[in-house]
Amino acid sequence: MNNELILRGRVVTGRLDIADGVVAVDGRRITYAGPASGFPGESLPARDPAAAARILLPGLVDLHCHGAHGNDFSEGSVDGARAAAQYLHSRGTTTLLASLVTGSPRDLLRNLTALRTVAGEGLTAGSHLEGPFLASSQCGAHDPGLLLEPDTTLMEQLLEAAGTSLASMTLAAELPGASALLDLLASRGVIPSLGHTAAGHSTAAAFLSRAAVELGSSSNGTGRLRPTVTHLFNAMPPLHHRSPGPVAASLSAARGGQAVVELIGDGVHVAPETTKLVFDLVGAGNVALVTDSMAATGLHDGGYRLGSLAVTVEQGVARVDATGAIAGGTATLLDVVRVSVAAGIPLQDAVLAASSVPAAVLGLSSEVGDLAPGMLADVVVVDSGLGLTGVLRHGEWVSPLE
């Protein structure tokens, strides 16, 4: 081993909870992750009070974030996208999809081209298109004047601009042509995600079932096998006992392992009690905690933009100026994990939903989302209160250990 780094503390992943653990890193890769008693090396650091209070988590994986620290992925700026991704890395989200809000076809093509560059540099795991094929009645923080019905010709152009970097796309299942678009996406290894939808239960259930079948039968080689549900509860009709709608369909699909439901577990978009309920109903292995973060993440209250819309943040809550709709999040994924644990979700389950599950959705389980020999050395170091004390990404400190 040339430049071995050894970290000692409690190791918590989706499959491990080791009170006295060690993670050893050589270069970009993990060489050991397990109990200190089984560490094969000779240079084991002492288990001093600092190590005893330290928790080592896998790098977090966010499937849905629109920007951070003053930068919006929908601006079409390569430098801005780099800066947003690097800030998120420093806060513990070492793997992320760069999400785009609805824009004009011209702007979407420009933005996908910029994000293709950033993905090629390894700063993101690709991009996520949230729109423009969304229900106008559930547009949320998307400009309703820019929404379109599914168009395979436009989709082919978007795919060409993105190359292989487009990983996920949100669709309203009830729109004309949604099924054909779903098939096209799945054949290219792009994850169809049900969202911003007013679909009835049967339409939503059929969409998720078809997406799971099409992804499973695709020969694209991406390893992406399960569709997702874009921020469950948000931008869809509420669950009603006589009109179960997309919420019930999504919960059933997740419970059956056919889909992964996103939850913006920041305590703003979804009540903490609701987040815990979903974990109890479908299991942590079928939930992906996400942030839906926007440019205000990491900054103060004030005026911002999300795509084409003006947004104001007050007390950390972002709302569209014109409608008052919640407009993305301002929390980091580590913040979401902290809120989820405070709601009563076991730390191991919250970490699973913020690392291993989204990594598997992206087909990246052999590289990220866990702490194991051979995987990329992405480690988030926190204290007993889940406060950030250091971030290692690909074997390099992007947030120095305190």
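Between R54 and D383 there is no salt bridge, since none of the side-chain N atoms of the basic residue sits less than 4.0 Å from a carboxylate O of the acidic one. A salt bridge does not link D72 to R305: none of the charged nitrogens lies less than 4.0 Å from a carboxylate oxygen. The pair R29-E367 counts as a salt bridge, with a side-chain nitrogen and a carboxylate oxygen less than 4.0 angstrom apart. Between R8 and D20 a salt bridge is recorded (basic side-chain N to carboxylate O distance below 4.0 Å).
Minimum heavy-atom separation, A125 to T95: CB-CG2, 3.8 Å. Of all the heavy atoms in A253 and L208, the pair that sits closest is CB-CD1, 3.8 Å. Shown here for M294 and L306, the closest heavy-atom pair between the two residues is CB-CD1, 4.3 Å. Across V12 and Q348, no two heavy atoms sit closer than the pair CG1-CA, 4.1 Å. Scanning both residues, G316 and T330, for their nearest heavy atoms gives O-OG1, 2.6 Å. The two atoms that bring V380 and G59 nearest to each other are CG2-CA, 3.8 Å, heavy atoms only.
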Intermediate values then yes/no, side-chain contact (heavy atoms from CB on, under 4.5 Å), V247 and F233: CA-CA 6 Å; V247 172; F233 300 111; 3.5 Å; yes
Residues T291, D62; criterion side-chain hydrogen bond (donor to acceptor under 3.5 Å, both in side chains); working and verdict: CA-CA 7 Å; T291 63; D62 195 348; 2.6 Å; yes
Stepwise side-chain contact (heavy atoms from CB on, under 4.5 Å) test for L129 and L108: CA-CA 9 Å; L129 266 177; L108 290 176; 3.9 Å; yes
Residue pair L289, S340: steps toward the side-chain contact (heavy atoms from CB on, under 4.5 Å) verdict: CA-CA 9 Å; L289 290 172; S340 299; 3.7 Å; yes
Verdict with reasoning, E156 to R188, per salt bridge (Lys or Arg N to Asp or Glu O under 4.0 Å): CA-CA 10 Å; E156 288 282 9; R188 304 289 183 88; 2.8 Å; yes
T275 and I345: CA distance, side-chain angles, deciding distance, side-chain contact (heavy atoms from CB on, under 4.5 Å) verdict: CA-CA 9 Å; T275 298; I345 296 167; 3.7 Å; yes
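The CG atom of L88 lies 8.0 Å from the OG1 atom of T332; values are rounded to the nearest 0.5 Å. Separation of atoms SG (C139) and CG (L134) is listed at 8.5 Å; rounding is to 0.5 Å. Between the CG atom of L96 and the SG atom of C65 there is a distance of 4.5 Å, given to the nearest 0.5 Å. Once rounded to the nearest 0.5 Å, the distance linking CG of L239 with CG of L232 reads 9.5 Å. Taking CG of D321 as the reference point, atom CG of L309 lies at 9.0 Å (rounded to 0.5 Å). With values rounded to the nearest 0.5 angstrom, L56 atom CG is found 11.5 Å from L16 atom CG.
The backbone N or O of V213 lies less than 3.5 Å from a partner atom in the side chain of S217, making a donor-acceptor pair. N71 places no side-chain N or O within 3.5 Å of a backbone atom of A81 that could act as its donor or acceptor partner. Not a single donor-acceptor pair under 3.5 Å links the side chain of S209 to the backbone N or O of A205. Between the D378 side chain and the H394 main chain, a donor and an acceptor come within less than 3.5 Å of each other. A donor-acceptor pair under 3.5 Å links the side-chain atoms of S74 to the main chain of V101, judged by distance alone. No donor-acceptor pair closer than 3.5 Å links the side chain of T274 to the backbone N or O of V270. Distance alone, capped at 3.5 Å, places no donor-acceptor pair between the E262 side chain and the V290 backbone. A distance-only check finds no donor-acceptor pair linking the side chain of S193 to the backbone of M169 [under 3.5 Å]. Although no hydrogens or angles enter the test, the distance criterion places no donor-acceptor pair under 3.5 Å between the side chain of D370 and the main chain of A372. No donor-acceptor distance shorter than 3.5 angstrom exists from the side chain of S243 to the backbone of G245, with no hydrogens or angles considered.
In this structure, the side chains of L181 and F133 come closer than 4.5 Å at one or more pairs of heavy atoms. Considering only heavy atoms from C-beta on, R91 stays 4.5 Å or farther from V391 through its side chain. When side chains are defined from C-beta on, V261 does not count as touching T228, because their heavy atoms never get closer than 4.5 Å. Here the side chains of L100 and H128 are not in contact, with every heavy-atom distance at 4.5 Å or above. Using a 4.5 Å heavy-atom cutoff, the side chains of P105 and L154 are in contact. Contact of the L171 side chain with the L185 side chain is registered, since non-hydrogen atoms from C-beta on lie closer than 4.5 Å. For the pair P246 and H201, the minimum side-chain heavy-atom distance is 4.5 Å or more. For the pair V61/L362, a side-chain contact is recorded, criterion being any heavy-atom separation below 4.5 Å from C-beta on.
A side-chain donor from one of N286 and R226 sits under 3.5 Å from a side-chain acceptor of the other. Residues H196 and Q138 have side chains that never bring a donor and an acceptor to within less than 3.5 angstrom of each other. Side-chain contact, E130 with T230: no donor N or O sits under 3.5 Å from an acceptor N or O.
The side-chain contact (heavy atoms from CB on, under 4.5 Å) test with R393 singles out one residue from V398, T93, L376, and that residue is V398.
No close placement of the H231 and H269 rings is indicated, their centers lying 6.0 Å or farther apart.
E396 CD: 12 or fewer foreign heavy atoms inside a 6.0 Å radius. The environment of E160 atom CD is sparse: at most 12 non-hydrogen atoms of other residues, nucleotides or ligands sit within 6.0 angstrom.
Using bins of under 30°, 30° to 60° and over 60° for the plane-to-plane angle, the ring pair H300/Y304 lands in the tilted bin.
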